[in-house]
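FYI, side chains are in, hydrogens and waters are out, and symmetry mates aren't considered; it's all heavy atoms of this structure.
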Amino acid sequence: MKFANINLGKDVEIDPSSSINNVKIEDGVKIAKRCSIYGGPENQLEIGAHSYVGMNTILNGFAARLIIGKNVSIAQNVNIMVDSGPNASEAMQKIFPIEKGSVHIENHCWIGANVIIMPNVNLGEYVVVAANSFVNSSFPAFSIIGGNPARLIRSFTEAEKEILLGE
């Protein structure tokens, strides 16, 4: 594998079984075992400070921007992709064209185990994604979502927001 375009902050921990390329990883990020995290030469993948990426996770930011905010918790076996489609079959692409689009996970989100996040998704700050969810649309800040496809379960209460924001 050719390694290029890698910018690491201070106190970054990456398990040696994981691979990274075309990334900007800020201070205090932890990446667990067997992760594949990559952007493209034109789309450097970004992970904000003090975020965590759980084992066996794939963060595919090759074809478009993938930005993970600060203090984001990503559990094990998560797949976040900026492109999806039948890339080995030009015939199938005539019916199912490859979808490409950026993904932005804002600060303080919690992504549960086995979640799939598709292209063109933006999750606002403090979004919780339930385990085993398929996320193919965007959700605003303070949403708790889950399901296949993911839907709004509920929003944070005003009391919960006050606790989170220290008001």
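- The closest side-chain heavy-atom distance from Val82 to Asn43 is not below 4.5 Å.
- Counting heavy atoms from C-beta outward, Phe142 and Pro140 have side chains that stay 4.5 Å or more apart.
- With a 4.5 Å cut-off on side-chain heavy atoms, Ile31 and Ile25 count as touching.
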Should Ile6 and Asn21 be marked as a side chain to side chain contact (heavy atoms under 4.5 Å, CB included) after you check the CA-CA gap, both sets of side-chain angles, and the distance that decides it? CA-CA 6 Å; Ile6 297 172; Asn21 209 4; 4.2 Å; yes
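- Considering only heavy atoms from C-beta on, Leu45 comes within 4.5 Å of Ile37 through its side chain.
- When side chains are defined from C-beta on, Tyr38 counts as touching Asn60, because their heavy atoms get closer than 4.5 Å.
- Pairing each heavy atom of Pro86 with each of Gln93, the nearest pair is O-NE2, 3.1 Å.
- Of all heavy-atom pairs between Gln44 and Asn7, the closest is NE2-ND2, 2.8 Å.
- Among all heavy-atom pairs drawn from Phe156 and Lys161, the shortest one is O-CE, 3.7 Å.
- Residues Ile111 and Val121 fall within the same hydrophobic cluster, defined by Ile, Leu, Val, Met, Phe, Trp and Tyr side chains chained together at heavy-atom separations under 4.5 Å.
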Test log, rule side chain to side chain contact (heavy atoms under 4.5 Å, CB included), inputs Ile117 and Leu123: CA-CA 10 Å; Ile117 299 178; Leu123 299 180; 4.1 Å; yes
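- Put simply, the residue from Leu66, Ile116, Leu59, Ile58 that forms a side chain to side chain contact (heavy atoms under 4.5 Å, CB included) with Met81 is Ile116.
- Hydrophobic clustering of Ile, Leu, Val, Met, Phe, Trp and Tyr side chains at less than 4.5 Å, counting indirect connections, keeps Met118 apart from Leu152.
- No chain of hydrophobic side-chain contacts below 4.5 Å, direct or via other Ile, Leu, Val, Met, Phe, Trp or Tyr residues, connects Ile14 to Met55.
- Using a 4.5 Å heavy-atom cutoff, the side chains of Val78 and Gln76 are not in contact.
- When the shell of 6.0 Å around CD of Glu160 is examined, it contains more than 12 heavy atoms from other residues, nucleotides or ligands.
- At least one side-chain heavy atom of Asn22 sits under 4.5 Å from a side-chain heavy atom of Pro41.
- Heavy-atom contacts from other residues, nucleotides or ligands closer than 6.0 Å to CZ of Phe62 number 12 or fewer.
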For the pair Leu165 and Tyr126, evaluate side chain to side chain contact (heavy atoms under 4.5 Å, CB included) and give the outcome as yes or no after the intermediate values. CA-CA 10 Å; Leu165 301 175; Tyr126 298 99; 3.8 Å; yes
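- Using a 4.5 Å heavy-atom threshold, the side chains of Asn71 and Asn107 count as separate.
- No single ILVMFWY cluster, assembled from side-chain heavy atoms under 4.5 Å apart, contains both Tyr52 and Val115.
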